[in-house]
Structure formats: C-alpha cells, structure tokens
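In what follows, a single structure is set out as structure tokens and then discussed.
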2 protein chains.
Amino acid sequence: MTTFTALSIRIDTNGGRRRMVTSRDVARVAGVSQSTVSYVMSGRRSISAATRRRVEAAIEELTYHPNAGARALASQRTQVIGLVVPFTPGADTTGLLPFIETIASCAREADHDVLLVTANEGSAGLKRLAGRSLCDAIVMMDIETDDARIPVAATLSVPVILIGVPADNAGLHCVDLDFPLAGRMAVDELAALGHRRVVLVGHPAEVVERGVNFVGRFERGATDAASAHGVALEVVAPVAPGRDGAEAAVEQVLAVGGERPGVVVPNSQALQPVLQVLMDRGLHPGRDLSLIALCTDAAAEAVTPAATNVSLEPRDVSRRAMQILFQLLDRGQEPPDELVQLIPPRLTRRRTTLPSP
Amino acid sequence: MTTFTALSIRIDTNGGRRRMVTSRDVARVAGVSQSTVSYVMSGRRSISAATRRRVEAAIEELTYHPNAGARALASQRTQVIGLVVPFTPGADTTGLLPFIETIASCAREADHDVLLVTANEGSAGLKRLAGRSLCDAIVMMDIETDDARIPVAATLSVPVILIGVPADNAGLHCVDLDFPLAGRMAVDELAALGHRRVVLVGHPAEVVERGVNFVGRFERGATDAASAHGVALEVVAPVAPGRDGAEAAVEQVLAVGGERPGVVVPNSQALQPVLQVLMDRGLHPGRDLSLIALCTDAAAEAVTPAATNVSLEPRDVSRRAMQILFQLLDRGQEPPDELVQLIPPRLTRRRTTLPSP
DNA sequence: CTGTTAGCGCATTCAC
DNA sequence: GTGAATGCGCTAACAG
C-alpha cells in the first residue's frame, strides 16, 4: 500500500472533472518506467515476476484503465469492430438480434468492442468507419444481390466481411446460411412424409425487389429437390401483410396444392397468419397437411401450433463470420481460401408436419 | 487540381498498408498550416472565405477523414455514446430493436456513434466504457428495481442515462414509459366499454424475480383505475411458456372474470397463445370479451386478430433519453430538473375490444 | 530484463 | 485572420 504524502496534493485545474489516471501514474507508483507498464499490459516482452507484481498492484490501486484513443493512435489498432445493421424501412428486422448478440459476444471474447452503424448511411457509413479509423474491421449484414456498397467496401483500408452472398463479392469474404440446402431439406422432408405436391409461398415483393438474393437461392434448392423426388412444386404469390394477405395466399395454396399439400413458408412474418387462416378453414397443419417454415427456432416455437422449421442459424452464421474476421486481423492466421462460406441449416420437426409414415 | 511531382514519390515502408491522409497533408496541399485545417473543420475560429475554400478543396481532393483516436486524445471527446443493452437469457429482448435504432439515429444526428455493450458484462462493462474513455456518455437499458450497476454508474466520469426507473436512481436521469398511466388507460378503456370485471394476467415469474419494476408500476395504475371506476380487478398467474401455459391462464381468467370479462395482457410473448386459446374455446375477443395488450404497436398488429393495445413507445422513450443525454453533454444546455421523465403511452383500438357502446 | 525516446494525428494556446 | 509550438496517453523501436 503506497502512502500519499502532501506532495501529491494538487489544485484542481480541470473544471471539476478528475484528471485521468495514466500509465505514467502507474509507473511512478510502481517505481518503473512508463514503457514497462505498457509491456506488462500487452505481454509483448518478458517481465520479471517481481516487476510484474508491482505494476499490477499499482494498476489495481489506481484502478488504471488504458485510454482507448491514445492506444489506437499509437498502435494503429482500435480494438473495435464496425457492425452495419439493416435499418427498418423494408428490411427484415425480425431475428436480427441473435446476429447482433452473437457478434458482440465474439468480439468481446477477443477483447474487441462493437460500433453500431445503421445501413441508412449507405456507403458513407463505411467510408466513415474506415476513414476515421473508428474500427479495425467491418461486418456488413443484409447484403443485396447487387449491393452498391460492395465496391466501396472492397477498397476500404480495413477488412470487410459480408453476412449474405451478393452476385459479385469483389474479393470479400461472405458467410450465409446455405439457402439452397435449406430449400432442399424442406422439400426432402415433405416428400418423405408422402406429399406429392408441394407449394412454396413466395417472398414479399419488397424483399424480392430489394434484391435480397436468398429468395432465389432457397427456391432453386427447393425446385431441385422436387424434381429429384418427382414431386410437383408450385410457387404461389407471397403473403401480403394483414389477414387478407394470408387469406389470399391460402386460397392459392389450396388451389394448386390440392388435397394434403406440403406447404413451405419461407417468411416468419407470414407464418402465424397463414396458420391461422388454415385452421379457420378446418385444415389443421400436422393433421390435414404439412407446413414447414424457414425461420429461426425462436419464431417457430412462438407460433401456434409450433412449426416444423428449417432454421436460419443466426448464431452459427455470425460465429463463422467473426472467426474469419479475426483470422483476417491476426497476421499469421490463414483465412479460408473459399470466400463464400455457407452454414448448413437444421430441420426441427414440431407440430405442423404429419407424423412420419 | 494539384499536380504531384516526383518529389512526392516515396518508398512504401509500411507493409503495403497505405499511409493515412492526415490534416498535415491537407495543410500542405492547401498551402496553410495544420492548425488552420483543424479550425476549418471545427469552426472554432473565423476563417477567410478564400482560405476555407482552399482547405475544403484539399480535403475533398485527398478524401481526408480525421482520425477518431487522435481527435479523442486531443479533445477529450470521443463522439461516441455507449449503449448497454440486455443480453438474452431472461431479458425481454422483444421490441428491443426500435430502442437501439432510435438511439443510433439520434446519435448520428448529433454526429456521434454508438458503441454496443451487452449487459452480461455487468458493472465491468460500465467501468470499461468510462475508464478507457471509449465514450462520452452511456445509455443503460433494462434497469432492474434494485440494479447493482446503478451505484457504479453514478460514480463514473461520464454521464449515464437510464431507460427504466430503479428504486434509487442515485442522482441519474431516468426515462421510461409511464407504466402507471398505461395501467390506468387500459382499465379506463375496459370500464368505458362496459366491463364490470377486469382480469390482469400477471407477468412471468422470471421477469418479476429479476425485479423489472414496471410490473408493479403497471399493476398499481390498473388497480387505482379499477377502484376509481368501481370495477372488480383480479390479477391471475402469468402465462407460462407454451400452449399449456396459455390454457391455464385462460382457465383462470374465465374463472375469476365471469362472462364478458375485460382482459389485460401486459406481455407480448403471451399475447398470441392467449388469443389462440380463447378462440379455440369459441370466445372471440372483440365479440365475447375485450382484451387489451401492453406491447409495441408492431406486436399488436402482428397478432391474430390485431390487438387493441397500450403502446410501449420505444421511440419516444429513446428520443427523450438522447435529448437529455445531449443536454448533459453540451455545457450550456440545461437538463430537466426532474430526474425521472415518464413518457405517456398511447391506446390504439383494434380488433380485440368490443365496439364502443 | 528494463529504461529512454520518438512519434501516432489532432486540438488548442500563444504569438503575431 | 493565420502560424508555430505543445501535449493528449500510449506503443514500439532503439539502447543498454
């Protein structure tokens, strides 16, 4: 325990805001040089046990925290990951949280923080993040097929990882769910349950127009599986918002799907309304037909009755993205050669599919 | 347009990573001193029109961005707001996004960024944010009645705003929905619709145990309104997760509510299951009884049938919090004297309440 | 193993 | 209205 003498009394010249504790203060208290304090903290050179102990005691005593700005300035590393998230108007904000959460957790595990930027800033947000050295790397979500931000992202001075697969990734690493496989798994399951006709409810027009390309990738996987199994597959118009939309969609499903159709609803927004309308007509999913949703497990369980689903695996996708990101940051670690990394979905049987034959 | 001569050719000694453009580079190109560049950007002293033009042209030409770390170091301001969000296990993560989004928008409007910290770091996260000078102010969400972080937050070197009202705010500014008023509004409406008995479905045990105190505040408001109107008010056990939970809750509602009860469901998770169970029993909300939810408008509209609700107003709450925050940061602006700011909810009539008499 | 030193890029004080 | 000079707190190269 160090005793503070009268010498350490100082006039407050700082407007009442207490002066920050610096590594020099720690050095003085520990009786070492300032750089030694730095090396104790970074572990970038060996320190004798005795010195380390004294420095650590001083750090503790003064409750020293390194200044992030100064550290970033000197080391050229911010220890911050920029995260570009979709902004609501038009974006599928549902199920966004698990991504954010997982990304934040992975960042913290590697002693990094997460700076949030909303997508409405567009390319300007990316330029700001990199230009001002606000972060060491960027994760971009909600990638469109023809995303105008990608050419910009590719020229930034920091690595960028995409969650989503654009038409041209411009050399950037991408991580996403394996949507073709997801489509295949849904149709495989329906075929195995004995359905000879499968109806796929389309995605909302706004999503398609925005060019979110998992739509096409999912449908292609479903189509392929259908021809492989020799089952008929029809794609019907998407569910418009509101009760009427669900009515119209179910109408079409029944028209083209005939009796006992297998139904695929790749849209968590529409799931509950569609289930509701079906049941209102006396058609019980799990008894009179099978329905498989494409959504997170949470959404599948929140719905009545709990829906059999192919999961979106937001945590797996995010974790993989962060893994690649830190491989890119740590010189020495090799990122994967394959730029596009697809995460396998998982099918969970719940109450909306017929029992296995 | 400046022409670069052979003099500006330099060997790359920087491992391929291009050197960053600094305000000195801008100064050289514009033929002014570095400090002039700084003053042009900050506007903290008057600059002749000609000089300003040349500097701005140089900034444009070099695509100069100020280095955030250096700026923070020199100015003691990071232009970053720390945001502490709840971490999933046990927290009501539903409807979190509108808060985050609004906070991010308000921050950007004031040329600030948002650094995300998850609540699982507890007080350590707060100490890190302030200690490392990662941000100029902190917004904390999901405040518990007896939140251990609050005494810590109160001693930080940066202002902290709470979204939520703890038992002891320790001198910190708080913003939250006016939950007593929300409870009152729900019961007022049910009374006006002619219901003589009101049943309030309790909050989930986990929420109550965590000490999220809006539970009690809401119920107290409801109780007061009930006695004012002379209607009976019963609080029944909360809806356990899953179908069975909703069954049990509805059972109790009907037991104590009698015929044509007015029901209040202050829990968006439980809303759909409860509606479902009621309808399965042939009791149609909006026809045979009235049901009012406490949830966001989005949640009320997502449910079948669309629910009359008292809104949580996440955007209003967030906006108010950010307004106070910037008042605290801008010396000169006076924050409100009243530390606790309550935002009035809004009741929207939808399909689950009886038509007005 | 440890200390000394030189910047990192910017805001700001002083001098003119 | 402008420039020169200083220092924010830290990392890392250099010198023992």
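Naming convention: chains lettered A, B, ... in sequence-line order (proteins, then strands); numbering from 1 in each chain.
Here the shortest heavy-atom pairing between B:Pro336 and B:Gln327 reads CD-OE1, 3.3 Å. Of all non-hydrogen atoms in B:Met141 and B:Arg149, the two that sit nearest each other are O-NH2, 3.7 Å.
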Could you go through residues 158-173 of chain B and list every donor-acceptor pair under 3.5 Å that involves a side-chain atom there, pairing it with any protein atom two or more places apart or in another chain?
unit_1   : atom_1 : unit_2   : atom_2 : d
B:Asp168 : OD1    : B:Ala170 : N      : 2.8
B:Asn169 : OD1    : B:Gly171 : N      : 2.9

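One donor-acceptor pair, N or O on each side, does fall under 3.5 Å between the base of C:dA11 and the side chain of B:Gln34. Between the side chain of B:Ser35 and the base of D:dA5, no donor-acceptor pair of N or O atoms lies under 3.5 Å. Below the 3.5 angstrom threshold, one finds no donor paired with an acceptor across the side chain of A:Arg44 and the base of D:dT11. With hydrogens and angles ignored, a donor-acceptor pair closer than 3.5 Å exists between the side chain of A:Tyr39 and the base of D:dA13.
A cation-pi contact, defined as under 6.0 Å to the ring centre and within 45° of the axis, is absent between A:Arg44 and A:Tyr39.
Here D:dG3 is the nucleotide among C:dG3, D:dG3, D:dC10 with the atom lying nearest to any side-chain atom of B:Val32. Side chain of B:Ala70, nearest nucleotide from D:dG1, C:dC10, C:dC8: C:dC10. If you check D:dC14, D:dT2, C:dC8 against the side chain of A:Arg45, the one that comes closest is D:dC14. Among the nucleotides C:dA11, D:dC8, D:dG1, the one closest to any side-chain atom of B:Ser48 is D:dG1.
To the nearest angstrom, P of C:dG3 lies 15 Å from CZ of A:Arg28. With rounding to whole Å, B:Gln76 atom CD is found 17 Å from C:dC10 atom P. One interatomic measurement links the two molecules: CG of A:Asp25 to C1' of D:dG9, which rounds to 10 Å at whole-angstrom precision. The separation between B:Arg24 atom CZ and C:dA11 atom P is 15 Å, rounded to whole Å.
Inter-residue side-chain proximity for A:Phe326 and A:His112 is flagged as met; some heavy-atom pair is nearer than 4.5 Å.
Taking 4.0 angstrom as the limit, B:Thr36 places a side-chain polar atom (N or O) nearer than this to OP1 or OP2 of D:dG3. Between A:Ser38 and D:dC10 there is no side-chain N or O to OP1 or OP2 distance below 4.0 Å. Contact between the side-chain N/O atoms of A:Ser33 and the OP1/OP2 oxygens of C:dG3 is found at a separation under 4.0 Å. Within the 4.0 Å cut-off from OP1 or OP2 of D:dG9, not a single side-chain nitrogen or oxygen of A:Ser23 is found.
Nearest-nucleotide positions on DNA chain D for B:Gly31 and B:Ala74 put B:Gly31 closer to the 5' end. Mapping A:Tyr64 and B:Ala50 onto DNA chain D by nearest heavy atom places B:Ala50 at the nucleotide closer to the 5' end.
Among the heavy atoms of the strands, none lies under 4.0 Å from A:Ser42. Within 4.0 Å (heavy atoms only), A:Ser133 reaches no atom of the nucleic acid at all.
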